Amino acid sequence: RRKTRQKALENKRAEHTIVVKVVFRTKETHMLNDKHVVLLVDDDQEPLDLLEHYFERNDYITKTAHSVVEAIQKLDDTLDLVVTDYELPIMSGSDLLIMIRQRFPKLPVIGISGLRFMNGNRIDQLFDAFLPKPFRINDLRESVARVILWASGVGEPLTRALSSAK
């Protein structure tokens, strides 16, 4: 039973990987060395390292930043995805999101945070996807696949509250 279950999980992972790679291939993008580029933003080194490891293991080129100011310096048209912590020093992840929407309105942004958002303060809805810390790797995988499908023109559009921000 255990081997059958493990084999089924491996098959499911393989199918998911294939779907994500096919979707990426249909998206018009500026790939570097046939790999997609993700900008990871977190002021805490440990989650940043974990995210970097996950994305590199899945054939992404990663750029990292520890602040909004550093992230802004690394924004360019080679990026396919941004994953940012919400709670950052000086400026927040939503400040970064506003700047991204102004310069690159179609660039998908996933927000992450250890904060628990209360009723009426739905900052999580501003992002294309939002993950509360701690999150499972499967949740990250599903969020990445969903925003990539959206960015490639496949699937339902997501709430993009700041897409018209100037």
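Predicted model only: the values in this text are computed from it and were never measured. What you see below is based on every heavy atom in this structure, not just the backbone, and it leaves out hydrogens, waters and symmetry mates.
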ask   = What pairs with Asp139 under salt bridge (charged side-chain N to carboxylate O under 4.0 Å, His left out), at least two apart in sequence or on another chain?
value = Arg136
request  = Indicate yes or no: at least one non-hydrogen side-chain atom of Tyr54 is less than 4.5 angstrom from one of Leu40.
outcome  = no
query = Do His36 and Leu81 touch side chain to side chain, with heavy atoms closer than 4.5 Å?
reply = no
query = Does any non-hydrogen side-chain atom of Leu140 lie less than 4.5 Å from one of Leu51?
reply = yes
query = Which atom pair, heavy atoms only, marks the closest approach of His66 to Leu88?
reply = O-CD2, 4.4 Å
query = Closest heavy-atom contact between Ala129 and Val147?
reply = CB-CG1, 3.8 Å
query = Should Phe104 and Val82 be marked as a side chain to side chain contact (heavy atoms under 4.5 Å, CB included) after you check the CA-CA gap, both sets of side-chain angles, and the distance that decides it?
reply = CA-CA 11 Å; Phe104 304 98; Val82 175; over 6 Å; no
inquiry  = Same cluster or not: Leu50 versus Ile61, using hydrophobic residues (I, L, V, M, F, W, Y) connected whenever any side-chain heavy atoms lie under 4.5 Å apart?
reply    = no
ask   = Hey, what do you get for CG (Asp85) to OG (Ser67), rounding to the nearest 0.5 Å?
value = 12.0 Å
Heavy atoms from other residues, nucleotides or ligands near CD of Glu87 exceed 12 (cutoff 6.0 Å) = no
query = Mind checking whether Met91 and Leu96 have side chains closer than 4.5 Å, heavy atoms only?
reply = no
ask   = What distance separates Ile100 CD1 from Leu39 CG, expressed to the nearest 0.5 Å?
value = 7.0 Å
ask   = Heavy atoms, side chains only, cut-off 4.5 Å: are Leu79 and Lys63 in contact?
value = yes
inquiry  = Between Arg146 and Arg141 (side chain of the first, backbone of the second, donor and acceptor by atom type, cut-off under 3.5 Å), is there such a pair?
reply    = no
inquiry  = Counting only heavy atoms from other residues, nucleotides and ligands, does the tally under 6.0 Å from CD1 of Ile137 exceed 12?
reply    = yes
request  = State, yes or no, whether a side-chain contact exists between Phe127 and Thr84 at a heavy-atom distance under 4.5 Å.
outcome  = yes
inquiry  = Nearest 0.5 angstrom please: Glu52 CD to Asp42 CG, how far?
reply    = 12.0 Å
Whether Asp128 side chain and Val109 backbone form a donor-acceptor pair below 3.5 Å = yes
task = Spell out, as yes or no, whether a donor-acceptor pair under 3.5 Å connects the side chain of Lys133 to the backbone of Ile112.
result = no
inquiry  = If I take atom CG from residue Leu97 and atom CD from residue Gln102, how far apart are they, to the nearest 0.5 angstrom?
reply    = 10.0 Å
inquiry  = Would you compute the distance between atom CD1 of Ile72 and atom NZ of Lys74 and round it to the nearest 0.5 angstrom?
reply    = 12.5 Å
query = Are Ile110 and Val144 close enough that some pair of their side-chain heavy atoms sits under 4.5 Å apart?
reply = yes
task = Answer yes or no: is there a donor N or O on one side and an acceptor on the other, between the side chain of Asp95 and the main chain of Ser92, under 3.5 Å?
result = yes
